[in-house]
Amino acid sequence: MKVTRRQFLKVTGATAATFAVVELGFDLNATASAIKELRTKNVTPVPTVCPYCASGCGLVVYSQTDSSGKYEKLLSIQGDPDNPINMGGACSKGAAMFNLREIYDPHNGEQVVNPKRVAKPLYRAPGSDKWEEKDWDWMLDEIAKRVKETRDASFIHKEKLEDGTEVIVNRTERIGSIGGSGLDNEECYLHSKLMRALGLVYLETQARI
Ligand code: SF4
(Lines give C-alpha, C1' and ligand atoms only; values in the text may rest on other atoms or scores of the structure.)
Protein backbone atom coordinates (compact mmCIF):
# COMPACT_ATOMS: atom_id res chain seq x y z
CA MET A 1 0.00 0.00 0.00
CA LYS A 2 1.34 3.45 -0.92
CA VAL A 3 1.27 5.92 1.98
CA THR A 4 1.61 9.66 1.25
CA ARG A 5 3.62 11.98 3.49
CA ARG A 6 0.42 13.69 4.65
CA GLN A 7 -1.25 10.34 5.55
CA PHE A 8 1.87 9.23 7.42
CA LEU A 9 2.02 12.41 9.52
CA LYS A 10 -1.71 12.25 10.25
CA VAL A 11 -1.59 8.64 11.44
CA THR A 12 1.62 8.96 13.48
CA GLY A 13 0.46 12.24 15.02
CA ALA A 14 -2.95 10.85 15.98
CA THR A 15 -1.38 7.67 17.37
CA ALA A 16 1.09 9.55 19.56
CA ALA A 17 -1.68 11.78 20.93
CA THR A 18 -3.89 8.76 21.62
CA PHE A 19 -1.19 6.92 23.58
CA ALA A 20 -0.46 10.01 25.66
CA VAL A 21 -4.10 10.50 26.69
CA VAL A 22 -4.90 6.79 27.21
CA GLU A 23 -2.01 6.55 29.68
CA LEU A 24 -3.85 9.14 31.82
CA GLY A 25 -6.85 6.80 32.08
CA PHE A 26 -9.40 8.58 29.81
CA ASP A 27 -12.00 6.66 27.81
CA LEU A 28 -11.26 8.17 24.38
CA ASN A 29 -14.09 6.46 22.51
CA ALA A 30 -16.77 8.17 24.59
CA THR A 31 -15.00 11.56 24.47
CA ALA A 32 -14.43 11.45 20.72
CA SER A 33 -18.06 10.65 19.90
CA ALA A 34 -19.32 13.36 22.29
CA ILE A 35 -17.08 16.00 20.64
CA LYS A 36 -18.23 14.93 17.19
CA GLU A 37 -21.86 15.32 18.22
CA LEU A 38 -21.38 18.66 20.01
CA ARG A 39 -19.64 20.32 17.07
CA THR A 40 -22.37 19.57 14.60
CA LYS A 41 -25.54 19.09 16.61
CA ASN A 42 -28.44 21.26 15.44
CA VAL A 43 -26.22 23.58 13.39
CA THR A 44 -27.60 24.57 10.01
CA PRO A 45 -25.21 26.07 7.40
CA VAL A 46 -26.87 28.36 4.83
CA PRO A 47 -24.83 29.69 1.86
CA THR A 48 -25.38 33.35 1.03
CA VAL A 49 -23.67 36.32 -0.68
CA CYS A 50 -21.96 39.20 1.15
CA PRO A 51 -24.02 42.39 0.63
CA TYR A 52 -21.19 44.89 1.11
CA CYS A 53 -19.53 45.16 -2.27
CA ALA A 54 -19.82 44.09 -5.86
CA SER A 55 -17.14 41.38 -5.45
CA GLY A 56 -20.03 39.18 -4.37
CA CYS A 57 -18.06 36.84 -2.06
CA GLY A 58 -19.88 33.73 -0.89
CA LEU A 59 -20.47 33.32 2.85
CA VAL A 60 -21.90 30.56 4.98
CA VAL A 61 -24.22 31.49 7.83
CA TYR A 62 -24.28 28.93 10.63
CA SER A 63 -27.27 29.00 12.90
CA GLN A 64 -28.45 26.86 15.74
CA THR A 65 -31.74 25.12 15.22
CA ASP A 66 -33.94 23.15 17.58
CA SER A 67 -34.68 19.47 17.05
CA SER A 68 -37.48 20.35 14.57
CA GLY A 69 -35.08 22.48 12.46
CA LYS A 70 -36.53 25.83 13.68
CA TYR A 71 -34.07 28.73 13.88
CA GLU A 72 -32.83 29.52 17.39
CA LYS A 73 -29.78 31.75 17.12
CA LEU A 74 -26.95 32.88 14.86
CA LEU A 75 -23.63 31.16 15.58
CA SER A 76 -21.17 32.43 13.00
CA ILE A 77 -20.68 33.79 9.47
CA GLN A 78 -17.63 32.71 7.47
CA GLY A 79 -16.27 32.73 3.91
CA ASP A 80 -17.67 29.92 1.79
CA PRO A 81 -14.82 27.55 0.80
CA ASP A 82 -16.92 26.17 -2.08
CA ASN A 83 -17.52 29.58 -3.65
CA PRO A 84 -15.28 30.06 -6.73
CA ILE A 85 -15.10 33.85 -6.20
CA ASN A 86 -13.50 33.96 -2.74
CA MET A 87 -12.75 30.26 -2.02
CA GLY A 88 -13.41 30.67 1.70
CA GLY A 89 -11.73 34.06 2.15
CA ALA A 90 -13.34 37.35 3.13
CA CYS A 91 -11.99 40.88 3.48
CA SER A 92 -12.06 42.63 6.86
CA LYS A 93 -15.62 43.86 6.31
CA GLY A 94 -16.91 40.47 5.27
CA ALA A 95 -15.02 38.75 8.08
CA ALA A 96 -16.57 41.14 10.61
CA MET A 97 -20.08 40.55 9.27
CA PHE A 98 -21.11 38.66 12.39
CA ASN A 99 -20.75 41.84 14.46
CA LEU A 100 -21.99 44.33 11.89
CA ARG A 101 -25.25 42.81 10.74
CA GLU A 102 -28.53 43.77 12.32
CA ILE A 103 -29.79 40.43 13.53
CA TYR A 104 -33.14 40.18 15.21
CA ASP A 105 -34.13 37.32 17.40
CA PRO A 106 -37.34 36.08 15.73
CA HIS A 107 -38.71 34.83 19.07
CA ASN A 108 -38.76 38.13 20.94
CA GLY A 109 -38.05 40.65 18.15
CA GLU A 110 -34.99 42.02 19.94
CA GLN A 111 -31.72 42.95 18.33
CA VAL A 112 -29.01 40.46 19.16
CA VAL A 113 -25.27 39.96 18.52
CA ASN A 114 -24.34 43.65 18.55
CA PRO A 115 -26.68 45.91 20.54
CA LYS A 116 -24.55 48.96 19.59
CA ARG A 117 -25.45 48.60 15.93
CA VAL A 118 -27.25 51.75 14.74
CA ALA A 119 -30.59 50.59 13.39
CA LYS A 120 -32.44 53.95 13.08
CA PRO A 121 -31.63 57.18 11.21
CA LEU A 122 -29.73 59.66 13.38
CA TYR A 123 -29.60 63.42 12.73
CA ARG A 124 -27.18 65.99 14.12
CA ALA A 125 -28.29 69.56 13.54
CA PRO A 126 -25.68 72.11 12.39
CA GLY A 127 -23.63 73.26 15.43
CA SER A 128 -25.15 70.65 17.72
CA ASP A 129 -23.17 68.02 19.63
CA LYS A 130 -26.14 65.67 19.98
CA TRP A 131 -27.62 63.04 17.71
CA GLU A 132 -31.41 62.84 17.49
CA GLU A 133 -33.42 59.86 16.33
CA LYS A 134 -35.60 60.68 13.30
CA ASP A 135 -37.87 58.58 11.17
CA TRP A 136 -37.11 57.83 7.53
CA ASP A 137 -39.89 60.10 6.20
CA TRP A 138 -38.41 63.10 8.02
CA MET A 139 -34.90 62.20 6.83
CA LEU A 140 -35.83 61.78 3.18
CA ASP A 141 -37.89 65.02 3.14
CA GLU A 142 -34.98 66.89 4.74
CA ILE A 143 -32.43 65.49 2.26
CA ALA A 144 -34.68 66.37 -0.69
CA LYS A 145 -35.25 69.90 0.67
CA ARG A 146 -31.53 70.57 1.14
CA VAL A 147 -30.54 69.13 -2.23
CA LYS A 148 -33.12 71.39 -3.91
CA GLU A 149 -32.01 74.49 -1.96
CA THR A 150 -28.29 73.87 -2.63
CA ARG A 151 -28.85 73.06 -6.28
CA ASP A 152 -31.00 76.15 -6.88
CA ALA A 153 -28.45 78.38 -5.12
CA SER A 154 -25.46 76.99 -7.02
CA PHE A 155 -26.81 76.06 -10.43
CA ILE A 156 -24.63 77.13 -13.36
CA HIS A 157 -26.60 77.39 -16.57
CA LYS A 158 -23.97 78.81 -18.95
CA GLU A 159 -20.21 79.13 -18.95
CA LYS A 160 -17.81 81.13 -21.10
CA LEU A 161 -15.07 79.34 -23.01
CA GLU A 162 -11.60 80.87 -23.52
CA ASP A 163 -12.61 82.29 -26.88
CA GLY A 164 -15.56 84.08 -25.28
CA THR A 165 -18.33 81.86 -26.65
CA GLU A 166 -21.00 80.78 -24.17
CA VAL A 167 -21.99 77.15 -23.77
CA ILE A 168 -24.80 75.60 -21.77
CA VAL A 169 -23.42 73.43 -18.92
CA ASN A 170 -26.39 73.03 -16.50
CA ARG A 171 -24.42 71.86 -13.48
CA THR A 172 -23.88 72.32 -9.76
CA GLU A 173 -20.47 72.06 -8.14
CA ARG A 174 -21.68 72.26 -4.53
CA ILE A 175 -23.11 68.76 -4.20
CA GLY A 176 -21.11 65.53 -4.39
CA SER A 177 -22.28 61.95 -4.34
CA ILE A 178 -20.57 58.91 -2.81
CA GLY A 179 -22.08 55.65 -4.01
CA GLY A 180 -22.00 52.40 -2.07
CA SER A 181 -19.88 49.46 -3.20
CA GLY A 182 -22.80 47.14 -2.63
CA LEU A 183 -24.70 48.71 -5.53
CA ASP A 184 -25.14 46.44 -8.53
CA ASN A 185 -24.95 47.51 -12.19
CA GLU A 186 -28.59 48.53 -12.46
CA GLU A 187 -28.54 50.50 -9.21
CA CYS A 188 -25.34 52.28 -10.27
CA TYR A 189 -26.95 53.16 -13.60
CA LEU A 190 -30.05 54.60 -11.93
CA HIS A 191 -27.99 56.43 -9.31
CA SER A 192 -25.69 58.10 -11.85
CA LYS A 193 -28.69 58.97 -14.07
CA LEU A 194 -30.39 60.75 -11.18
CA MET A 195 -27.22 62.59 -10.12
CA ARG A 196 -26.39 63.70 -13.68
CA ALA A 197 -30.00 64.82 -14.15
CA LEU A 198 -29.59 67.03 -11.08
CA GLY A 199 -26.43 68.48 -12.62
CA LEU A 200 -23.85 66.85 -10.32
CA VAL A 201 -20.35 66.45 -11.64
CA TYR A 202 -18.63 64.98 -8.58
CA LEU A 203 -19.58 61.30 -8.38
CA GLU A 204 -17.44 58.87 -6.40
CA THR A 205 -17.73 55.45 -4.82
CA GLN A 206 -17.16 54.55 -1.20
CA ALA A 207 -15.38 51.37 -2.33
CA ARG A 208 -13.97 49.54 0.68
CA ILE A 209 -12.84 52.49 2.76
S1 SF4 B 1 -17.04 43.35 1.29
FE2 SF4 B 1 -15.30 41.94 1.36
S3 SF4 B 1 -16.21 39.91 1.79
FE4 SF4 B 1 -17.88 41.28 1.12
S5 SF4 B 1 -18.09 40.94 -1.11
FE6 SF4 B 1 -16.69 42.68 -0.81
S7 SF4 B 1 -14.59 41.80 -0.79
FE8 SF4 B 1 -16.06 40.11 -0.45
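Order of appearance sets the numbers: ligands from 1, and atoms from 1 within every ligand. Quick caveat, the model's predicted, so the values are computed rather than measured.
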### Task
Say whether, by atom type as modelled, one donor and one acceptor occur between the side chain of Ser192 and the main chain of Tyr189 under 3.5 angstrom.
yes
key: Exceeds 12 heavy-atom contacts within 6.0 angstrom, atom OH of Tyr123   = yes
Numbered in order shown, the ligand 1 atoms found under 4.0 Å of a heavy atom of Gly56 are 5 (S)
Next on the checklist: If I take every N, O or S atom of Cys91, is at least one of them less than 2.8 Å from atom 4 (Fe) of ligand 1?
Outcome noted: no
For Cys50, the ligand 1 atoms with a heavy-atom partner under 4.0 Å come out as 1 (S), 3 (S), 4 (Fe), 5 (S)
For Tyr52, the atoms of ligand 1 under 4.0 Å from one of its heavy atoms are 1 (S)
If we only count heavy atoms from C-beta on, is the Leu122 to Glu133 side-chain gap below 4.5 Å? yes
(message) If you define the side chain from C-beta out and look only at heavy atoms, does anything of Leu75 sit under 4.5 Å from Val43?
(response) yes
